[in-house]
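Pasting a structure here, questions to come.
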Amino acid sequence: MILKELKEDLKDILNQEYRIEPLATGIYVYVEHPEEVSQDSIKELVKKFKKRVYIRKDPAYLRDFDEKKTKQKILKLLPKDAQVISIDFSPDFSEVFIRVKFPRYTKDPELVQKILEKTGWYPIFVREPQLPSAYFDSLYLYKIKTDRKGLLKKVGKRILERADDEVKWITATMLGGFREIGRSSLLIESNVSKVIIDMGVHPSPPTPEDAYPMINLIRSLESIDAIVISHAHTDHVCFLPYLFKAGYEGPVYMTKPTLDLAVLLQHDYISISKKTTGESIYDKKDIRKMVNHTILLDYGEVIDISKDMKLTMYNAGHILGSSIVHLHIGEGKHNVIFSGDIKYDRSIRLFDPAYTKFPRAETVFIESTYGSQKMPPREESEKRLVEKIKETVARGGKVLIPAFAVGRSQEVIVTLFENADKDWNIPVYIDGMVYEASSIHSAYPEYLKASVREKIISNDSPFNWEYLKVVKTKDKSGIISSEPAVIIAPSGMLTGGPSVEYLKLLAEDERNTLIFIGYQSPGSLGSKIQQGMKVVPIKEDKEVKELKINMEVTTIEGFSGHSDRDQLLAWLGSFAHHNKVRRVYTMHGEQKTIMKFTDLIRRKLRIPASAPMNMERRRLR
Ligand SMILES: [Zn+2]
Ligand SMILES: [Zn+2]
């Protein structure tokens with residue numbers, strides 16, 4: 001038994017009384033003097049047992065602490081320019097959350113040691129976003145104030161109960177997002193445990209039956225050990241709160257920024273559903289329940305999520321916090337990679353290209369969104385975007401860029417910031433959820449490309465660029481009557497939201513330009529205008545009116561957060577052979593594209609590949 005062995009080792013290392021508590025996040029070891037424990041010996045333990053080990057002061061010694069005095073002690077120990085926003089204590093774990101504006105030293109081990117020595121509390125630094133946000137504040141407070149020890153204990157116990165039964169078989173059941181884009185969900189199951197990856201909704205389902213993952217294929221929610229979320233897009237995370245409404249009580253794993261962005265999207269999903277159909281499949285309280293059950297990870301951390309499965313999440317290069325999911329099953333019996341949505345491209349501004357150095361992989365699930373398409377290089381697209389903006393401004397017009405609030409918008413902001421020369425004097429307005437999503441980006445510089453991260457840390461950030469302006473009013477006419485401007489607003493397909501409000505105000509003036517930078521789904525207003533319709537129906541105070549499109553309409557490709565055909569093949573090819581990948585399953589693509597792409601993998605990479613359908617179950621071992 002692992003705990004027994006660990007206890008023996010701890011006795012030798014600690015030289016003091018201790019008590020251990022196995023939790024979902026790792027093993028907590030409580031002692032009287034945590035500051036005396038050498039970090040190197042703990043690192044060895046972690047390596048040996050492949051479990052995370054945390055040494056903390058026994059909460060019993062801190063029970064009667066003086067909060068005010070301790071705060072003052074901590075403030076004295078912090079550098080002068082720390083700009084502390086708040087200090088909050090978590091007595092269950094003897095941890096203290098220190099929220100700071102200045103981020104440079106947030107991982108300074110000497111500072112951690114000093115605070116631990118002088119106060120007994122283990123400090124965890126949290127970064128304040130550069131763009132202040134009430135949404136971020138309230139979610140932050142909610143996250144640190146909720147009592148999660150019960151859940152962490154329950155899950156910890158379930159994982160550590162040693163699996164007597166050996167892993168005999170492993171299967172994959174396709175719950176959604178196969179031969180389609182939308183409602184992504186996959187069940188990985190062994191004779192020992194069950195894990196689900198992703199829980200999305202279909203943003204524009206062909207029929208109502210195609211809207212949600214096929215959870216009727218799961219025998220019971222209680223039998224699910226864990227849910228893992230690859231990234232915060234509607235088609236990967238917006239069905240999740242419904243499972244909590246339906247009675248799921250287990251843990252969910254995702255990266256830190258994914259949770260912040262997911263909650264934002266889920267609230268938006270509720271309000272859009274209510275507006276369009278008058279009802280919603282879940283409520284705010286179900287989202288809160290999801291937050292209470294979420295265990296947050298960083299890239300590269302290995303964590304046990306069931307008796308026989310270990311999870312690691314790697315950068316996917318697609319949006320903030322997006323990850324490739326790696327499952328290590330049955331002590332090396334089998335390894336599964338779920339790509340999520342990936343961007344494998346060095347030239348994008350915000351993120352490093354998708355990770356490729358996996359330790360092992362036998363089965364790979366790969367997205368296929370642009371599996372049969374070639375895209376123009378990013379540099380070219382950027383040049384065209386800047387030229388188009390300057391051209392429009394020169395004739396006294398304004399530019400409207402409808403964009404997804406999460407991902408594409410921030411890529412455009414950083415592109416304009418990086419391309420702005422000395423003479424740049426064009427304000428860039430951001431509206432609606434674009435602001436909140438940008439604020440979340442500015443709070444997690446460690447998830448961004450090194451060049452952007454450095455800029456944020458040294459306060460030369462694209463997110464506090466002097467030309468970036470925030471629209472907080474419902475009335476957009478002030479912006480329209482002012483000087484030339486660029487406006488970035490959701491929704492990306494002109495299906496509602498501020499982008500449509502701006503369109504109404506800008507469409508009839510031929511000096512203005514509408515620039516599409518993302519996918520327009522068939523039937524959406526965006527698609528109609530993109531295809532050249534000059535008069536479109538538009539809702540105005542419950543009446544449908546005609547809107548004349550006199551403004552210039554143009555499409556600039558290449559800003560996608562998805563890899564194109566060659567990038568997908570390059571990503572897979574970079575690890576498939578030396579990892580001896582046995583089979584590839586394609587997913588997340590339209591039927592035609594996915595068949596072409598599956599064939600390409602077979603021919604170009606010579607790996608067995610197939611395109612499973614929803615409801616299929618395949619045996620992996
Ligand atoms: Zn996505
Ligand atoms: Zn997706």
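Computed over heavy atoms, backbone and side chain alike; hydrogens, waters and symmetry mates excluded. In listed order, ligands and their atoms are each counted from 1. Bear in mind that the values here come from a model prediction, so they are computed numbers and not experimental data.
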Original post:
Taking only residues two or more places apart in sequence or in another chain, which ones pass ring-ring contact (aromatic ring centres under 6.0 Å, His included) with His202?
Top reply: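 Checked His202 against ring-ring contact (aromatic ring centres under 6.0 Å, His included); zero matches.
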
Original post:
Which single N/O/S atom of Asp235 lies at minimum distance from the Zn ion (ligand 2)?
Top reply: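 Relative to the Zn ion (ligand 2), the closest nitrogen, oxygen or sulfur of Asp235 carries the name OD2.
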
Original post:
About how large, to 10 degrees, is the angle NE2 of His231, then the Zn ion (ligand 1), then ND1 of His233?
Top reply: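 Nearest ten degrees: 100°.
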
Original post:
How wide is the angle at the Zn ion (ligand 2) between OD2 of Asp341 and NE2 of His588, to the nearest 10°?
Top reply: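 Between OD2 of Asp341 and NE2 of His588, at the Zn ion (ligand 2), the angle is about 100°.
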
Subject >> Salt-bridge contact Arg617-Glu189 (side-chain N to carboxylate O under 4.0 Å) >> reply: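 Yes, this pair counts.
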
Original post:
Is Glu590 salt-bridged to Arg179, cutoff N-O under 4.0 Å?
Top reply: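 So Glu590 does not pair with Arg179 through a salt bridge.
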
Subject >> Partner set under side chain to side chain donor-acceptor pair (under 3.5 Å) for Ser133, not counting sequence neighbours >> reply: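 Side chain to side chain donor-acceptor pair (under 3.5 Å) check on Ser133 returns Glu436.
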
